[in-house]
Protein chains: 2
Amino acid sequence: MADHRLDDKQRELLDQLFDKWSLVVLDILCDGPRRFSAIQRAAGTITPKSLTQTLRRLERNGIVSRHVVATSPIAVEYGLTSLGRTLEKPMQGMLYWILRHLPEVSVQRCGFDDRARR
Amino acid sequence: MADHRLDDKQRELLDQLFDKWSLVVLDILCDGPRRFSAIQRAAGTITPKSLTQTLRRLERNGIVSRHVVATSPIAVEYGLTSLGRTLEKPMQGMLYWILRHLPEVSVQRCGFDDRARR
DNA sequence: CCGTATCCAGAATGATACTG
DNA sequence: CAGTATCATTCTGGATACGG
């Protein structure tokens, strides 16, 4: 494995998957389809503008689907596509790493900052 | 699984691991320790400033180690720490996803853009 | 060789207000 | 409800030049 090296196209996609909100939104959608406002609430502090942007990009990449339900008032459901679901496992791997190793990272940071102060 | 939701600290770490260059650099270091200029060459177009920034941050997070060899001229070797190596598998999972699914993503993009044009 | 310093353009993001 | 529009600000990263 690893005879690769990322080219520009691949780095672009990487950037889009790992921008400020994409992973957070994807993580939410892993639990099932959600409506715009539900995602916004779950994500914490994201503004509607940023959320729209994030969802559009994920939709464009074929990872998220957008379904309009013509009720009144209107409802829009976002969910993972089949392509999006293939991303679920590797993504959870990364998120799990964060959960598991953040404490150790915090320790390392303190050590680094102490050394830097001297 | 997945009773979590990322808090601010966790999102911060996520942002640092997935900034423009971190994954590229980590990917290079997976193959073994490398010197500053070797990383720069392998990464493609990164400027020394950005590379320094990326390496410092990874070092601060305890993921990358920096070792100065007092030859003349000076040499500096960067490598993964033991903590960094635990990140290798999940990271390769993501990179592999990119390699594997980029073609499909490209197709999806074209479809999306076509639909948008109308 | 391994960086740091400075400057700067453009992208990303937040705040806020408004619409179908 | 599900966004869009606009403005202000911050943040990122490239270009370039220089220093230990």
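- Atom pair A:D19:CG and D:dT12:P shows a separation of 13 Å (rounding to whole Å applied).
- Remark: P of D:dG14 and CZ of A:R11 are 9 Å apart, rounded to the nearest angstrom.
- Put simply, CD on A:Q53 is 10 Å from P on C:dG14, counting in whole angstrom units.
- Put simply, A:Y78 has no side-chain N or O that comes within less than 4.0 Å of OP1 or OP2 on D:dC1.
- Salt-bridge check for A:E12 with B:R109: passed, with a basic side-chain N closer than 4.0 Å to an acidic carboxylate O.
- Considering only side-chain N and O atoms, B:R35 lies under 4.0 angstrom from the phosphate OP1 or OP2 of C:dC2.
- With rounding to whole Å, B:H67 atom NE2 is found 16 Å from C:dC1 atom C1'.
- Checked by atom type and distance alone, the side chain of B:T81 pairs as donor or acceptor with a backbone atom of B:I63 at under 3.5 Å.
- In this structure, the CG atom of A:D15 is 14 Å from the P atom of C:dA11, given to the nearest Å.
- Comparing D:dG3, C:dT13, D:dG14 by their nearest atom to the side chain of A:S50 picks out C:dT13.
- Listed candidates were D:dA2, D:dT4, C:dC2. Nearest to the side chain of B:R66 is C:dC2.
- Rounding to whole angstrom units, CZ of residue A:R34 and P of D:dC1 are separated by 16 Å.
- Under a 3.5 Å cut-off, the side chain of A:R34 and the backbone N or O of A:Y78 do not form any donor-acceptor pair.
- The nucleotide whose nearest atom lies closest to any side-chain atom of A:P48 is, among D:dT4, C:dG3, D:dA2, D:dT4.
- In this structure, of D:dC1, C:dT13, D:dA15, it is D:dC1 that holds the atom nearest to the side chain of A:I74.
- Of all heavy-atom pairs between A:Q40 and A:I46, the closest is NE2-O, 3.5 Å.
- If you check D:dG3, D:dA15, C:dG3 against the side chain of B:T52, the one that comes closest is C:dG3.
- A straight line from NZ of A:K49 to P of C:dT19 spans 18 Å, rounded to a whole angstrom.
- For the pair A:L51 CG and C:dA15 C1', the computed distance is 16 Å after rounding to whole Å.
- The side chain of A:A75 sits closest to D:dA2 out of D:dA2, D:dC7, C:dG3.
- Across C:dG3, C:dG14, D:dA2, the shortest atom-to-atom separation from the side chain of A:S37 is found for D:dA2.
- Note on A:R41: every side-chain N or O is 4.0 Å or more away from OP1 and OP2 of D:dA2.
- Among D:dT4, D:dA2, C:dG14, the nucleotide with an atom closest to any side-chain atom of A:K20 is C:dG14.
- Considering every non-hydrogen atom in both A:C30 and A:E88, the closest pair reads SG-CG, 3.3 Å.
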